[in-house]
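Quick notes on the structure that follows.
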Amino acid sequence: AQSVTQLGSHVSVSEGALVLLRCNYSSSVPPYLFWYVQYPNQGLQLLLKYTTGATLVKGINGFEAEFKKSETSFHLTKPSALMSDAAEYFCAVSERAINDMRFGAGTRLTVKP
Amino acid sequence: DAGVTQSPTHLIKTRGQQVTLRCSPKSGHDTVSWYQQALGQGPQFIFQYYEEEERQRGNFPDRFSGHQFPNYSSELNVNALLLGDSALYLCASSLRQIGETQYFGPGTRLLVL
């Protein structure tokens, strides 16, 4: 069965610093992988997704993630954090034969001035 | 182009009551999925509707049921409400293709007293 583990429920960075949010997945087949962001009292917004092809995926707001099959990881990065990046981030996996998504528990990103 | 809409935004019920939540998908989408997001957790997949039928289901009891209408809108029904059903209920719409991006609505926050 597919599952997602997000390492670190809270991550705090300074404005301008590198953002690294970790995600490891478990799947019996090559998965589709997603990162979503959730701002307070809002729904989820897609940042980026991996389906096939290039393993480095670029998303919105300067975020990118790299699919590493050997490490079963899909970590999210951004070179320079903005105050507006403060939010909850969710990694999700969807197996190719099943069109539902399994989410991780989320990582709350705090950006300090 | 309207995105995914959900109603109501907030709801308060008492234990044992029944509740119906509503979702209108993004224009052009034919598949609706429902998720439950408890406080401080990631969304949990409840079920998915396509062509007015439940296609996949997560690990939720039969108290949770749904419906999809010919215009692709959907309802989530929860019977015999428990305190533990208090959560944010998210609706997501997509096309019926594996790995398609799911677009989320703002959610309905249900409080069971």
Study note, to complete from the structure: Turns out that what part of Q6(A) lies under 4.5 Å from chain B's heavy atoms comes down to neither
Check your understanding: Is the ring centre of F34(A) less than 6.0 Å from the ring centre of Y50(A)?
Key -> no
Check your understanding: Are any non-hydrogen side-chain atoms of L47(A) and Y89(A) less than 4.5 angstrom apart?
Key -> yes
Review point. Among Q41(B), Q44(B), Q37(B), who wins on heavy-atom pairs under 4.5 Å with chain A?
Key: Q37(B)
Review point. Can D85(B) and R63(B) be counted as an ion pair, charged N to O under 4.0 angstrom?
Key: yes
Exercise for review: Determine, using ring centers only, whether F47(B) and F45(B) are less than 6.0 Å apart.
Suggested key: no
Check your understanding: With only heavy atoms counted, which part of L44(A) is less than 4.5 Å from chain B, the side chain, the backbone, both or neither?
Key -> both
